[in-house]
Amino acid sequence: MRRALRLARRGWGQVAPNPLVGAVIVRDGVVVGEGWHARYGEAHAEVHALAAAGDLARGATAYVTLEPCNHHGKRGPCTEALLAAGVVRVVIATADPHAIAAGGATRLRADGVAVTEGVEGDRARELLAPFLRDVTGGALPWTTLKLALSLDGAVADHTRGPGWLTGPESRRAVHRLRAGHDAVAVGIGTALADDPALTVRGVRAPRVPPLRVVFDRGARLPLGSQLVRTVGEAPVAVVCAPDADAERVGALARAGVAVVPAADLTDGLRRLRAQHGVRALLVEGGARLSGALWAAGVVDRLVTFQAPVVIGEGGVRAFEGAPAERAAGARRLPAVRARWYGADRMTVYAVQPPPGSG
């Protein structure tokens, strides 16, 4: 199953709004076929794995990261493919809560296939969290906050000017993170200071370019910014206050920017989900936006890239405006995974559990 989960990640940035799914076919203790959902609209993981196994699938066990679908969509049901191939056992990491696609385990059991559920379920739900949030009726995007930090917890030096804390390996990893999200966001302070492009570069391009979002209460995003000038290459949205300056709002709209009036930060997230289909949102700063998101309780995952540098006095702290906590009672966040990118250490912390967790 862990191999199937690794295979599922190969569809990163290519399959949304479908889920990332991997499958492995095993017969007599030997892997005879494997596959993954490679691109939206194309064959599912089970179909690829069965095709690779051929006749060796008869009498075999299939390991699948998500319950096989049991409906006719763009493709036929994966349950029928497994039954036609003669698979005698199916091991499933986690159930599919989708109202239409669910029921695969029941269908397989009804036709005499042995079904085991829940193997590596936590890992699968972690991988599938944006999909699971979406199909279970979540009103907000699955929101990941990414921070590049110094050893002393700063996200910028005393000048608040542009400059890299982390190395090139980390920056490439961030572009890969962007590729797997529906939208990438910053606050207006970061947009004004850094003039970022927020595009995906240097890694495999996603099937659909992420929406580029600026949280900008006053609609101050300059018309000459990279974001506005490149709106024809990838869409841009500005989340602003309902009473933002009408002239600025109109100018942005005429330039092709989607203007999203919102009562507050949570309402802005809700509108991005409902109006722009944002299921998975990556927020890249700055400090005030990070603090506001944290205070609102809408962060699901915190990803830190910690560089081996000390910024010292005057450095901008990561969570400006977040409510104060006593050290003795502060919440300890579990680490989901960690790895090194050059000299920088990336850590992913679980702030909220993925849907379906116990």
Side-chain angles (χ1 to χ4, degrees), residues 126 142-178 180-181 184-198 201-203 212-217 226 265 269 281-353:
E126 182 68 26
W142 182 261
T143 300
T144 297
L145 174 60
K146 186 277 300 181
L147 296 172
L149 300 168
S150 65
L151 290 176
D152 54 339
V155 294
D157 62 25
H158 67 284
T159 70
R160 293 181 177 254
W164 297 109
L165 281 174
T166 55
E169 298 91 345
S170 290
R171 297 200 292 274
R172 187 173 188 275
V174 170
H175 281 276
R176 177 167 165 76
L177 268 179
R178 290 179 181 177
H181 287 77
V184 180
V186 295
I188 184 59
T190 298
L192 294 174
D194 297 349
D195 191 23
L198 300 182
R201 306 182 298 278
V203 297
R212 299 173 295 168
V213 178
V214 181
F215 287 91
D216 176 14
R217 289 189 58 81
Q226 281 200 82
L265 191 54
L269 293 174
L281 173 68
L282 178 66
V283 180
E284 298 194 16
R288 290 180 182 174
L289 177 58
S290 299
L293 289 165
W294 197 263
V298 294
V299 175
D300 296 295
R301 288 293 174 272
L302 172 64
V303 180
T304 62
F305 288 84
Q306 192 165 45
V309 298
V310 174
I311 295 298
E313 186 175 352
V316 180
R317 301 301 121 186
F319 293 94
E320 286 193 0
E325 298 280 355
R326 294 181 64 89
R331 181 182 172 191
R332 308 285 169 169
L333 301 178
V336 175
R337 66 181 180 277
R339 63 172 295 179
W340 291 93
Y341 287 100
D344 307 324
R345 181 172 175 80
M346 182 203 76
T347 309
V348 181
Y349 296 97
V351 184
Q352 308 291 344

Student check: side-chain heavy atoms of Val303 and Leu145 closer than 4.5 Å: no
As a quick check of understanding, evaluate side chain to side chain contact (heavy atoms under 4.5 Å, CB included) for Phe305 and Arg345, giving each step before the final call. CA-CA 6 Å; Phe305 288 84; Arg345 181 172 175 80; over 6 Å; no
Which value, rounded to the nearest 0.5 Å, describes the distance between Gln226 atom CD and Asp194 atom CG? 10.5 Å
Evaluate the side-chain proximity of His181 to Leu281: yes if any heavy-atom separation is below 4.5 Å, no if none is. no
Any salt bridge between Arg212 and Glu284, counting N to O under 4.0 Å? no
CD/Gln306 to CE/Met346 distance, rounded to the nearest 0.5 angstrom? 13.0 Å
Identify the heavy atoms of Ala335 and Thr347 that sit nearest to each other, and give their distance. CB-CG2, 4.0 Å
Val299 to Gln352 - nearest heavy-atom pair and separation: O-CG, 3.4 Å
When rounded to the nearest 0.5 angstrom, what is the spacing between CG in Leu149 and CD1 in Ile311? 10.5 Å
Polar side-chain atom of His175 near backbone of Gly202 as donor-acceptor pair, under 3.5 Å: no
Evaluate side chain to side chain contact (heavy atoms under 4.5 Å, CB included) for Leu333 paired with Arg331, printing each intermediate quantity in order. CA-CA 6 Å; Leu333 301 178; Arg331 181 182 172 191; 3.7 Å; yes
Aromatic Tyr341 / basic Arg339 pairing, under 6.0 angstrom, 45° off normal: yes
Counting distance only, does the side-chain N/O of Glu320 pair as donor-acceptor with the main-chain N or O of Ala287 below 3.5 Å? no
Which heavy atom of Arg301 sits nearest a heavy atom of Ala350, and at what distance? NH1-CA, 3.5 Å
With a 4.5 Å limit on heavy-atom distance, are the side chains of Tyr349 and Val336 in contact? no
Taken in chain and number order and not counting sequence neighbours, the residues that satisfy side-chain hydrogen bond (donor to acceptor under 3.5 Å, both in side chains) with Arg288 are none
Side chain to side chain contact (heavy atoms under 4.5 Å, CB included) against Ala148, all qualifying residues, sequence neighbours excluded: Thr166
Is there side-chain contact between Phe215 and Leu265, with at least one heavy-atom pair below 4.5 Å? yes
Whether Asp300 side chain and Thr143 backbone form a donor-acceptor pair below 3.5 Å: yes
For Ser150, check side-chain hydrogen bond (donor to acceptor under 3.5 Å, both in side chains) against everything at least two apart and list the hits. Asp152
Okay, side chain of Ser290, backbone of Gly286: is any donor-acceptor separation there less than 3.5 Å? yes
Exercise: identify the closest heavy-atom pair between Ala307 and Asp344: CA-OD1, 3.4 Å
Would you call Val309 and Leu151 a side-chain contact if the rule is heavy atoms closer than 4.5 Å? no
I'd like to know if the side chain of Arg317 reaches the main chain of Val155, judged simply by a donor and an acceptor atom lying under 3.5 Å from each other, with no hydrogens or angles considered. no
Indicate yes or no: at least one non-hydrogen side-chain atom of Leu147 is less than 4.5 angstrom from one of Phe319. yes
Would you say that more than 12 heavy atoms from the other residues, nucleotides or ligands in this model lie under 6.0 Å from the CZ of Arg332, or not? no
What one should report as the nearest heavy-atom pair of Gly187 and Leu289 is N-CD2, 3.4 Å
Can you tell me if Arg171 has over 12 outside heavy atoms packed within less than 6.0 Å of its CZ? yes
Taking the side chain as everything from C-beta on, heavy atoms only, tell me whether Val186 gets closer than 4.5 Å to Leu198. yes
Is the shortest side-chain heavy-atom distance between Trp340 and Glu169 below 4.5 Å? no
